[in-house]
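Positions are given from 1 along the sequence. Counting convention: from 1, in listed order, for ligands and their atoms alike.
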Amino acid sequence: MAEEKKGIGFGENAGSGTDGLTVPAHVAMILDGNGRWAKKRGLPRQMGHKKGCETLEEMIEICAEMGIRYLTVYAFSTENWRRPQDEVGALMQLFRYYAKRLLKRAKKSNVRVKMIGEKRRFSPDLIEAIDLLERETKDNTGMTFIFAVNYGARDEITRAVRHMAEDCKAGTLKPEEITEACVSSYLDTAGIPDPDLLIRTSGELRLSNFLLWQLAYSEFYITDCLWPDFNREELLSAIRQYNKRERRFGGVSAAVK
Ligand code: FPP
């Protein structure tokens, strides 16, 4: 049997602050507040995004160390292209730079990296960087880090429906075979369990077109903390809150059964 790769993979969470807590298997995060973080300091918005990328790098390692098995982050939405051109350009530059760093760090930490969203809109070098990240880390056995870029849930569902219609037309899928599991298997997140916990930073109370199908039964944790300031303590607060929730998935409380 092949020797299990070493790394900060799941199950190595001793001392990570989660003792006595159930660690959610899949955490999804909406990274919000980079602009406000920069504004508060009189800095250009780009500086907020740069600090946000540094926070994300740290968070990937912290989540892996805590034993979280899937971390999905909303890094760039299908709507974010509407931002001023210089801001979009700066985000693409950051993406280029951090994709290279992520490759090195993911290999070292045994993290598998996957992208969700529609990558065709990116420049060829970025598409190549994304492909490389996925290819080079596909056999890693630690945490799976999923980054949503040029992602919108309505776009994802629309692409899935179109794909199913094409398969029906080609005769490889029958309409009566379209179950919830079948729909899930056509989404970008096929094979990935739904998130247990959604964290949104900077206090906004909306989903912003993120994982609309997959978050159906997830627990939500909203914090006023701006993304660049998010840290281990903030994540632990979210996990502690998660541990107080009773997940009923539409059923009734165990206490009234
Ligand atoms: C939201 O803050 C954040 C983003 C639009 C991008 C955040 C992504 C990262 C830091 C991860 C790295 C990803 C890439 C693609 C480089 P905001 O600008 O909406 O903040 P505001 O609401 O305070 O203005």
Side-chain angles (χ1 to χ4, degrees), residues 27-64 70-106 111 113-134 137 143-153 155-156 188 198-211 221-231 234-235:
V27 177
M29 295 182 179
I30 300 179
L31 320 178
D32 196 12
N34 293 348
R36 274 162 283 176
W37 182 92
K39 194 171 175 209
K40 264 172 66 179
R41 288 162 179 78
L43 296 168
R45 293 177 58 81
Q46 279 83 322
M47 292 307 289
H49 293 315
K50 183 171 178 292
K51 181 70 171 65
C53 286
E54 289 165 14
T55 300
L56 179 57
E57 263 192 343
E58 285 163 26
M59 203 39 61
I60 296 169
E61 305 238 329
I62 291 170
C63 287
Y70 299 88
L71 169 67
T72 302
V73 302
Y74 203 10
F76 192 85
S77 74
T78 43
E79 290 73 33
N80 285 152
W81 297 103
R82 294 184 198 142
R83 293 189 175 210
Q85 231 182 331
D86 62 338
E87 184 172 342
V88 171
L91 277 166
M92 294 303 132
Q93 271 307 103
L94 284 170
F95 193 5
R96 260 180 206 99
Y97 178 72
Y98 280 94
K100 282 200 191 98
R101 286 173 60 104
L102 178 58
L103 180 58
K104 279 197 203 120
R105 292 174 82 126
V111 166
V113 183
K114 183 176 161 50
M115 177 213 154
I116 56 170
E118 175 55 273
K119 69 181 161 198
R120 272 182 299 185
R121 188 153 175 193
F122 293 114
S123 60
D125 70 307
L126 265 179
I127 296 176
E128 180 46 36
I130 295 167
D131 288 345
L132 191 69
L133 264 172
E134 293 189 322
T137 64
M143 186 180 79
T144 300
F145 170 62
I146 301 140
F147 62 105
V149 280
N150 191 27
Y151 175 88
D155 175 68
E156 176 192 35
D188 295 351
L198 169 77
I199 298 174
R200 178 162 190 152
T201 57
S202 92
E204 310 289 351
L205 302 174
R206 54 177 174 263
L207 274 181
S208 303
N209 202 12
F210 187 45
L211 302 176
Y221 177 86
I222 316 284
T223 170
D224 286 334
C225 174
L226 303 175
W227 173 253
D229 292 327
F230 197 79
N231 56 21
E234 283 286 337
L235 177 60

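- Listed for the Trp227 side chain is a donor-acceptor partner under 3.5 Å among the backbone atoms of Gly52.
- Considering backbone and side-chain atoms together, Gly35 places an N or O closer than 3.5 Å to an N or O of ligand 1.
- Of all atoms in ligand 1, listed by their number and element, those nearer than 4.0 Å to a heavy atom of Gly52 are 10 (C).
- Taking every heavy atom of Arg36 and a limit of under 4.0 angstrom, the matching atoms of ligand 1 come to 21 (P), 22 (O), 23 (O).
- Considering backbone and side-chain N/O of Asn34, one or more are found under 3.5 Å from N/O of ligand 1.
- Between Asn80 and ligand 1, a contact under 3.5 Å exists for no N or O pair.
- Summary of contacts: the protein heavy atom closest to atom 1 (C) of ligand 1 is Leu31 O, 3.2 Å.
- Remark: the backbone N or O of Gly117 is not paired with any side-chain donor or acceptor of Asn150 at under 3.5 angstrom.
- Of the possible donor and acceptor atoms, one in the side chain of Thr55 sits under 3.5 Å from a partner among the backbone N and O of Pro228.
- Under 4.0 Å from ligand 1, the heavy atoms of Arg45 that appear belong solely to its side chain.
- At under 3.5 Å, a nitrogen or oxygen of Arg83, whether backbone or side chain, sits near a nitrogen or oxygen of ligand 1.
- For ligand 1 and Ala75, the ligand atoms under 4.0 Å from any heavy atom of the residue are 6 (C), 7 (C), 8 (C), 13 (C).
- Annotation for Lys50: atom NZ does not count as buried by contact number, only 12 or fewer foreign heavy atoms lying within 6.0 Å.
- A ring-centre distance under 6.0 Å is found for Phe122 and Phe95.
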Take Asp32 and Arg200 through the side-chain contact (heavy atoms from CB on, under 4.5 Å) test and state the conclusion after the steps. CA-CA 7 Å; Asp32 196 12; Arg200 178 162 190 152; 3.0 Å; yes
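- Close contacts of ligand 1 with Leu91, meaning ligand atoms under 4.0 Å from a residue heavy atom, involve 16 (C).
- The backbone N or O of Leu235 sits nowhere less than 3.5 Å from a side-chain atom of Tyr221 that would complete a donor-acceptor pair.
- Distance check, rounded to the nearest 0.5 Å: CD1 of Ile30 to CD of Glu204 gives 10.0 Å.
- For ligand 1 and Cys53, the ligand atoms under 4.0 Å from any heavy atom of the residue are 10 (C), 12 (C), 16 (C).
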